[in-house]
Amino acid sequence: MQPISFFTSSWLFQAATSLNLNVTAISARDGSSTLECWQMSEPFDTSTQPGISGTAQVSLGAASSLTYSIIPPNFDGGIHNAPENQWVIFTSGLAYITLPDDNTTSAYISGGPFGLIFAADTKEVSGKGHRTEYPGITETVALRVPTADGKVPEHQVLHSGPCSISEIAGIREYGLPA
Ligand SMILES: *[C@@H]1O[C@H](CO)[C@@H](O)[C@H](O)[C@H]1NC(C)=O
Ligand SMILES: *[C@@H]1O[C@H](CO)[C@@H](O)[C@H](O)[C@H]1NC(C)=O
């Protein structure tokens with residue numbers, strides 16, 4: 001006999017092993033920007049917030065501001081540093097990130113459920129920064145969220161280069177209908 005779905009979904013979440021969010025980060029080493037796959041140290045936990053109680057959540061820390069940007073199709077943002085340590089959440093469109101000092105590594109970030117990145121290549125740590133182009137045929141919508149006090153969230157570097165789809169698709173596990 002099947003348990004009713006309300007219990008099934010919260011049981012599924014608690015039964016799962018600890019899951020951590022992985023995000024592609026624009027970081028820096030030896031004065032040059034890099035792309036890395038970061039695993040957030042804070043694991044997902046279970047929300048008790050009314051409306052989403054029993055579902056998976058993870059805190060991304062405190063933010064200092066929130067900006068909504070609309071970038072036209074085929075826009076070249078040029079080479080620039082992250083203005084401050086910040087989350088960028090692409091909700092639609094397409095961003096293409098390249099590195100002026102490393103022409104072997106690049107990342108396509110699609111707007112949507114896998115559109116979260118962290119940008120940390122500020123002027124203090126990277127001489128040139130990175131280049132972002134928006135090669136899509138639609139606008140790209142991005143939310144820019146600098147962290148409070150410029151804090152870089154606690155993380156572990158999984159590897160250099162952007163996270164692969166298999167490293168970010170784990171969130172689907174918690175999005176499946178019970
Ligand atoms: C990549 O960068 C290296 C070092 O700067 C350079 O020698 C090489 O020509 C570049 N390759 C391409 C395809 O741009
Ligand atoms: C993050 O990466 C680890 C190690 O590759 C993986 O086990 C985990 O499922 C990933 N998390 C997500 C949300 O995909």
Side-chain angles (χ1 to χ4, degrees), residues 3 5-29 32-63 66 68 82 85-99 102 104-122 125-126 130 132 134 136 140-148 150-178:
S5 65
F6 174 84
F7 288 109
T8 306
S9 56
S10 69
W11 176 82
L12 265 184
F13 177 64
Q14 279 150 22
T17 52
S18 146
L19 185 75
N20 294 70
L21 184 66
N22 308 314
V23 296
T24 294
I26 308 167
S27 188
R29 301 228 169 244
S32 294
S33 293
T34 57
L35 283 161
E36 295 176 343
C37 179
W38 287 5
Q39 179 162 82
M40 296 298 115
S41 303
E42 176 94 20
F44 278 91
D45 66 12
T46 308
S47 178
T48 53
Q49 189 187 305
I52 51 170
S53 183
T55 64
Q57 68 173 15
V58 59
S59 170
L60 300 180
L66 178 60
Y68 184 95
N85 289 323
Q86 60 185 12
W87 297 100
V88 180
I89 307 145
F90 294 102
T91 63
S92 69
L94 182 65
Y96 178 54
I97 301 163
T98 51
L99 304 169
D102 172 1
T104 62
T105 311
S106 63
Y108 281 99
I109 310 292
S110 303
F114 305 120
L116 174 66
I117 66 165
F118 195 84
D121 65 334
T122 58
V125 292
S126 172
H130 63 277
T132 312
Y134 302 89
T140 295
V141 172
L143 290 164
R144 196 167 77 71
V145 188
T147 56
K151 193 171 184 282
V152 175
E154 271 187 57
H155 65 275
Q156 179 193 332
V157 177
L158 289 184
H159 55 78
S160 61
C163 298
S164 65
I165 194 70
S166 67
E167 287 165 325
I168 53 180
I171 60 164
R172 291 275 192 230
E173 190 183 328
Y174 293 159
L176 293 172

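Counting starts at 1 for both ligands and their atoms, following the listed order. Worth saying up front: this structure is predicted, and the values here are computed from it rather than measured.
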### Query
Does the pair Trp38 and Thr24 meet the rule for a side chain to side chain contact (heavy atoms under 4.5 Å, CB included), with working shown?
CA-CA 6 Å; Trp38 287 5; Thr24 294; over 6 Å; no
### Task
For Ile171, counting its heavy atoms only, list the atoms of ligand 2 lying under 4.0 Å from any of them.
13 (C)
### Parallel, tilted or perpendicular, as decided by the 30° and 60° cut-offs, for the rings of Phe118 and Trp87
perpendicular
### Message
Given 3.5 Å as the limit, does a donor-acceptor pair link the side chain of Asp121 with the main chain of Ser33, or not?
### Response
no
### Query
So, Ser126 side chain and Ser32 main chain: donor-acceptor pair closer than 3.5 Å or not?
no
### Query
Without hydrogens or angle criteria, can the side chains of Asn22 and Glu167 be said to hold a donor-acceptor pair below 3.5 Å?
no
### Query
For Gly170, is at least one N or O under 3.5 Å away from an N or O on ligand 2?
yes
### Query
What part of Leu19, side chain, backbone, both or neither, has a heavy atom within less than 4.0 angstrom of ligand 2?
side chain
### Query
What is the closest protein heavy atom to atom 4 (C) of ligand 2, and at what distance does it sit?
Gln39 NE2, 4.2 Å
#### Entry: Glu167 neighbourhood, listing ligand 2 atoms whose heavy-atom distance to it stays under 4.0 Å
1 (C), 10 (C), 11 (N), 12 (C), 14 (O)
### Message
Tell me the protein heavy atom at minimum distance from atom 10 (C) of ligand 2, and give that distance in Å.
### Response
Asn22 ND2, 2.5 Å
### Query
Shortest non-hydrogen contact from Ala28 to Val125?
CB-O, 3.5 Å
### Task
Could you tell me whether atom 7 (O) of ligand 2 has a protein heavy atom closer than 4.0 Å?
no
### Query
To which protein heavy atom is atom 13 (C) of ligand 2 closest, and what is the distance rounded to 0.1 Å?
Asn20 O, 3.5 Å
### Message
Can you name the atoms of ligand 2, numbered from 1 with element, that are less than 4.0 Å from a heavy atom of Ile168?
### Response
14 (O)
### Message
Side chains of Thr55 and Gln57, heavy atoms from C-beta outward: is any pair under 4.5 Å?
### Response
no
